[in-house]
Amino acid sequence: MSPFQLTRTLPLDATGAALRADVLAGLLHSPKTLPPKWFYDARGSALFDEITTLPEYYPTRAEREILQTRAAEIAAATGARTLIELGSGSSEKTRHLIDALADLHTYVPVDVSESALTGAANTLIASRPSLNVHALIADFTRGLALPGTPRPRLVAFLGGTIGNLLPAERSAFLASVRTLLSPGDALLLGTDLVKEESVLVSAYDDGSGVTASFNKNVLHVINRELGADFDPDAFSHVAVWDREHEWIEMRLRSLVAQTVKIPALELAVDFERHEEMRTEISAKFREEGVRSELAAAGLKLTHWWTDERARFALSLSVAR
Ligand SMILES: C[S@@+](CC[C@H](N)C(=O)[O-])C[C@H]1O[C@@H](n2cnc3c(N)ncnc32)[C@H](O)[C@@H]1O
C-alpha cells in the first residue's frame with residue numbers, strides 16, 4: 001500500500017446535488033436555515049483553522065490539552081491499529097493521538113473538504129513517512145464505506161463537531177457510528193461543555209471578525225456553485241446562546257429587505273429587513289447527556305476526561 005491514498009466516496013456530482021437540495025429546502029423553510037457543512041470549501045477550511053488560533057476560541061486549546069495529557073491512556077485502552085477520524089479538518093490535534101498509538105497501521109481521515117484532507121495528509125506524511133494515510137472524501141452523515149484495515153479500530157470525532165448536529169441527527173449519527181464498531185473497537189468523542197454565556201458567545205463572535213467571515217463564506221459558496229447573487233455585505237454575523245436547547249446559534253441577519261436570485265434552483269428568495277437565517281448550531285453538553293445519548297445508540301461510556309478548567313470533554317465508549 002502506498003503511504004497516501006485519497007478516495008472519493010461521494011460521486012462527483014453528489015456535492016452539487018446535495019448542495020442544491022439543502023439550499024432549496026433550507027431557503028424555503030421558515031425560518032430559513034442552511035446546514036454548516038457548506039462552510040467548508042478551501043477558504044472556509046482555512047478560515048476555520050484561523051478560528052482555532054483565536055484567543056476567544058477555547059475549544060481547540062482545551063481539547064488539545066486533554067489529548068496531550070491523555071493520549072497514552074487512550075492508546076493503552078484501545079490499542080488501535082486503525083484510527084478513523086470523522087470531520088478531520090487539519091488533523092492538527094490528532095498528531096498527539098497518532099504519536100501515542102504505537103501499533104497504528106493506518107490513519108483514515110474523513111472530511112467533505114478535499115483541500116483540508118490533502119493539506120493534512122501532506123503534513124502528516126512529511127513527519128510520519130511510515131504511516132499509511134487513507135483519506136476519504138465523504139459525508140459522515142451518510143454512511144461510510146471504510147477501507148479494510150486492521151482492527152482494533154478507534155473512531156475519533158473531535159472538535160465538538162457533533163454539536164453541529166440537531167438532536168435527531170445526532171442520534172441517527174451515533175447509531176451509524178455504532179455499526180462501525182466491533183468488539184474491541186472504540187469511539188473517542190469530543191464535546192464542548194455548557195459554561196458561562198459570555199465565554200460561549202465570544203467564542204463564536206470574535207473581536208477580529210474571523211468567525212463572521214467564516215459564517216458569510218457559505219454565501220460565497222452558494223454564489224460560486226449555484227450562480228446566486230448574495231451580497232455578503234448585506235448580511236451581518238450573529239451568535240446567540242439558546243439557553244433552552246443549550247446550543248449556540250450562528251445566524252446571518254439581512255441588513256435590508258432584499259431579493260436574492262439563485263439561477264441553478266430557478267429560485268428568487270425574499271429576505272425581510274433584519275430577517276435571520278440559521279447557519280449553524282453548536283450544542284454544548286453535560287456528562288449525563290453524553291452518557292445517555294451514547295447509551296441510546298448502543299454505546300457504553302468507559303472514560304470521561306476534561307481539561308483542567310472543565311471547558312471541554314473527551315469521552316471513550318465501546319459497543320454494548
Ligand atoms: C468544526 S471543524 C473541526 C475540524 C477538526 N476536527 C478540529 O477538531 O479542529 C468540522 C470539520 O468537519 C468537516 N465536516 C463538516 N460536516 C461534515 C460532513 N457532513 N461530513 C464530513 N465532514 C464534515 C468540515 O469540513 C471540517 O473539517
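Counting starts at 1 for both ligands and their atoms, following the listed order.
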Visitor: Any atoms of ligand 1 less than 4.0 Å from a non-hydrogen atom of G89? List them with their elements.
Guide: 27 (O)
Visitor: Starting from atom 25 (O) of ligand 1, which protein heavy atom do you reach first, and at what distance in Å?
Guide: D111 OD1, 2.5 Å
Visitor: Do F214 and Y40 have ring centroids that are under 6.0 Å from one another?
Guide: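 That pair passes the under 6.0 Å test.
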Visitor: What protein heavy atom sits nearest atom 16 (N) of ligand 1, and how far away is it?
Guide: K37 CB, 3.4 Å
Visitor: Please determine if E288 and R286 form a salt bridge, counting it only when a charged side-chain N lies under 4.0 Å from a carboxylate O.
Guide: no
Visitor: According to the interplanar angle, ranging from 0 to 90°, do the rings of F271 and F230 count as parallel (below 30°), tilted (30 to 60°) or perpendicular (above 60°)?
Guide: perpendicular
Visitor: Please determine if D139 has a nitrogen or oxygen closer than 3.5 Å to a nitrogen or oxygen of ligand 1.
Guide: yes
Visitor: Any idea which atoms of ligand 1 are less than 4.0 Å away from a heavy-atom of A138?
Guide: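 Ligand 1 atoms under the 4.0 Å threshold to A138: 20 (N), 21 (C).
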Visitor: Would S88 count as a contact residue for ligand 1, given that I'm defining contact as a non-hydrogen atom of the residue lying under 4.0 Å from a ligand atom?
Guide: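 A heavy atom of S88 does come that close to ligand 1.
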Visitor: Considering F173, F157, F140, F39 one by one, which has a heavy atom nearer to atom 15 (C) of ligand 1 than any of the others?
Guide: F140
Visitor: Looking only at side-chain N and O atoms, does Y57 offer a donor or acceptor that is under 3.5 Å from a partner on T211?
Guide: no
Visitor: Does R64 come within less than 4.0 Å of D307, counting only side-chain N to carboxylate O?
Guide: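 No salt bridge links R64 with D307.
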Visitor: Hey, mind stepping through S88 and Y107 against side chain to side chain donor-acceptor pair (under 3.5 Å) and telling me if it holds?
Guide: CA-CA 11 Å; S88 47; Y107 172 52; 4.6 Å; no
Visitor: Output yes when the distance from some N or O of ligand 1 to some N or O of L86 is under 3.5 Å, and no in every other case.
Guide: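 No; the residue has no nitrogen or oxygen that sits under 3.5 Å from a nitrogen or oxygen of the ligand.
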Visitor: For atom CZ of R273, is the number of surrounding heavy atoms from other residues, nucleotides or ligands below 6.0 Å larger than 12?
Guide: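 No, CZ of R273 has 12 or fewer neighbouring heavy atoms, counting only those of other groups under 6.0 Å.
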Visitor: So which of L97, T106, T78 actually passes side chain to side chain contact (heavy atoms under 4.5 Å, CB included) with L83?
Guide: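 Single pass found, and it is L97.
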Visitor: Side chain or backbone, does S113 bring an N or O within less than 3.5 Å of an N or O on ligand 1?
Guide: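 Such a contact does not occur with ligand 1.
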Visitor: For atom 12 (O) of ligand 1, tell me which residue out of G87, P109, G44 has the closest non-hydrogen atom.
Guide: G87
Visitor: Can you report which non-hydrogen protein atom sits closest to atom 8 (O) of ligand 1, along with the distance?
Guide: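 For atom 8 (O) of ligand 1, the nearest protein heavy atom is K93 NZ, 2.6 Å.
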Visitor: Which residue and non-hydrogen atom of the protein lie closest to atom 3 (C) of ligand 1, and at what distance in Å?
Guide: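 Of every protein heavy atom, T161 OG1, 3.5 Å lies nearest to atom 3 (C) of ligand 1.
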Visitor: Between the side chains of T82 and T149, is a donor N or O closer than 3.5 angstrom to an acceptor N or O?
Guide: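 Their side chains do contain a donor-acceptor pair, which is all the 3.5 Å distance test asks for.
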Visitor: Relative to the heavy atoms of G159, which atoms of ligand 1 are at a distance of less than 4.0 Å?
Guide: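 Within the 4.0 Å cut-off of G159, ligand 1 contributes 8 (O).
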